[in-house]
Amino acid sequence: MQSKRVLCLNPFGFHNTHYTEWGDGSADRTAICVHGLTRNARDFDPLADALSARWRVACPDIAGRGQSDWLPVASAYNYPQYCADMTVLIGRLETETVDWVGTSMGGLIGMMMAAHPNSPVRRLVLNDVGPFIAKAALQRIATYVGQRPHFKSLPALEAYLRQVYAPFGNLTDKDWRAMAEHSQRTAPEGGIVLHHDPKIAENAQAGASQDIDLWALWDKITCPVLLIRGAQSDLLSKATAEEMTRRGPRARLVEIADAGHAPALRSADQIALIRDFLDAA
């Protein structure tokens with residue numbers, strides 16, 4: 001794994017987008033894995049490691065998360081900006097096509113990228129997200145995103161993550177510890193805080209007042225899609241998931257029995273599911 005940065009432009013200036021790169025830079029196929037709202041690139045370490053035998057894999061920290069720069073104002077955290085940053089990343093990787101794996105927010109970015117004419121997205125994996133999201137689910141997420149807890153130790157942070165992200169499924173102790181290690185930053189006053197910009201919560205709370213309806217966008221996607229749904233998910237309803245198999249690109253749907261929003265994609269069976277789909281060209 002290599003840690004890299006690419007310079008991107010926002011309305012107020014330039015910012016660095018950090019990404020981890022795995023595998024051989026000369027590989028003939030490239031995968032991009034994009035995390036959820038307040039997560040980071042290191043969530044994909046097990047998946048990227050597994051794919052790196054045949055793919056070059058890039059896992060970005062979306063602006064305001066992980067090791068990427070924070071943007072100056074809350075309104076700058078928006079999907080057009082994220083899509084622009086990912087276009088810059090694709091240019092840096094010098095590839096004409098990519099396989100896209102996106103969890104929640106990362107899946108929405110992938111949908112938007114895939115729906116445009118001449119899209120570089122060759123195959124799309126959506127992890128527990130779709131074109132319709134009820135406001136009740138958005139409000140639940142906005143509640144915990146708006147918190148700014150302070151922790152005295154890494155075990156305290158890990159305990160918090162185990163509670164908040166319990167819907168990720170049956171993770172091992174090693175998984176939870178890795179997530180804690182990569183979710184922390186040192187607070188100026190001492191101790192540990194979460195490794196994302198608190199301003200992200202402002203947009204999440206503002207956007208939770210109504211349902212998200214992107215069916216018109218979904219119907220423009222033409223590439224093959226694998227849709228992964230946590231069986232207990234409140235963000236991707238079973239009805240929405242089933243409708244996604246009947247219209248637009250007619251996704252292939254797989255449910256993960258022991259997860260809600262969103263499956264962690266760290267277990268061997270979930271990694272194999274994604275690898276086999278991407279390899280079915």
Side-chain angles (χ1 to χ4, degrees), residues 6 8 17 19-23 25 27-37 39 41 43-44 47-48 50-52 54-63 78-133 212 214-229 236 240-241 243-245 247-254 262-263 265 270-271 273-281:
V6 61
C8 301
T17 293
Y19 63 101
T20 60
E21 186 172 329
W22 303 70
D28 61 357
R29 293 171 65 180
T30 299
I32 294 180
C33 304
V34 186
H35 58 78
L37 182 64
R39 299 302 306 146
D43 283 359
F44 292 106
L47 175 62
L51 292 178
S52 65
R54 296 184 58 189
W55 280 261
R56 175 176 53 164
V57 186
C59 306
D61 287 321
I62 297 299
N78 57 65
Y79 283 94
Q81 181 67 61
Y82 302 154
C83 289
D85 291 353
M86 293 302 95
T87 300
V88 171
L89 175 58
I90 292 171
R92 165 60 61 85
L93 296 172
E94 296 184 330
T95 181
E96 294 184 1
T97 60
V98 297
D99 294 325
W100 191 284
V101 180
T103 293
S104 196
M105 178 191 73
L108 291 177
I109 298 170
M111 284 173 51
M112 294 173 188
M113 298 285 284
H116 284 290
N118 304 314
S119 171
V121 178
R122 189 190 71 95
R123 286 195 160 226
L124 175 62
V125 179
L126 298 177
N127 184 23
D128 211 66
V129 71
F132 183 84
I133 305 174
I212 291 177
L214 300 175
W215 281 114
L217 188 77
W218 175 253
D219 290 336
K220 294 179 180 179
I221 297 173
T222 58
C223 68
V225 178
L226 170 64
L227 177 61
I228 299 172
R229 177 179 183 266
L236 177 61
T240 295
E243 182 67 10
M244 292 170 72
T245 70
R247 60 186 286 186
R250 294 184 174 86
R252 174 192 169 196
L253 172 62
V254 177
L265 307 185
Q270 293 174 25
I271 289 171
L273 173 67
I274 293 169
R275 183 181 56 233
D276 291 348
F277 171 76
L278 296 183
D279 204 31

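Quick note: residue numbers are just sequence positions, from 1.
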Heavy-atom check, side chain of [X] versus side chain of [Y], under 4.5 Å:
X: M113; Y: T87; answer: yes
X: I109; Y: C83; answer: yes
X: F132; Y: E243; answer: no
X: W22; Y: L51; answer: no
X: Y82; Y: M105; answer: yes
X: R250; Y: T245; answer: no

Point-to-point distance, once rounded to the nearest 0.5 Å, from [atom1] of [X] to [atom2] of [Y]:
X: S119; Y: L124; atom1: OG; atom2: CG; value: 8.5 Å
X: I212; Y: L217; atom1: CD1; atom2: CG; value: 11.5 Å
X: T240; Y: W215; atom1: OG1; atom2: CH2; value: 5.5 Å

Audit row: M244, L253, side chain to side chain contact (heavy atoms under 4.5 Å, CB included) steps and yes/no: CA-CA 8 Å; M244 292 170 72; L253 172 62; over 6 Å; no
Among L278, L273, L126, whose side chain to side chain contact (heavy atoms under 4.5 Å, CB included) with L226 holds? L273
Hey, which of I228, D43, V125, I271 is the one that makes side chain to side chain contact (heavy atoms under 4.5 Å, CB included) with L265? I228
Of all heavy-atom pairs between [X] and [Y], which one has the smallest distance, and what is that distance?
X: V34; Y: W100; answer: CG2-CZ2, 3.4 Å
X: L93; Y: Y19; answer: CD2-CE1, 4.3 Å
X: R247; Y: W218; answer: O-NE1, 3.0 Å
X: C223; Y: P249; answer: O-CB, 3.5 Å
X: S104; Y: V129; answer: O-CG1, 3.5 Å
X: R123; Y: F277; answer: NH1-O, 2.7 Å

Residues forming a salt bridge (Lys or Arg N to Asp or Glu O under 4.0 Å) with E21, sequence neighbours excluded: K4
Pairs satisfying salt bridge (Lys or Arg N to Asp or Glu O under 4.0 Å), at least one member in residues 84-95, at least two apart: none
Mark yes or no for whether N127, through its side chain, and P263, through its backbone, hold a donor-acceptor pair below 3.5 Å. yes
Is a donor on one side and an acceptor on the other found under 3.5 Å between the side chain of H35 and the backbone of I62? yes
Walk me through whether V98 and I90 qualify under side chain to side chain contact (heavy atoms under 4.5 Å, CB included). CA-CA 8 Å; V98 297; I90 292 171; 4.3 Å; yes
In a check of salt bridge (charged side-chain N to carboxylate O under 4.0 Å, His left out) between D99 and each of R56, R275, R29, which one passes? R29
Determine, stepwise, if the pair T17 / V88 fulfils side chain to side chain contact (heavy atoms under 4.5 Å, CB included). CA-CA 9 Å; T17 293; V88 171; over 6 Å; no
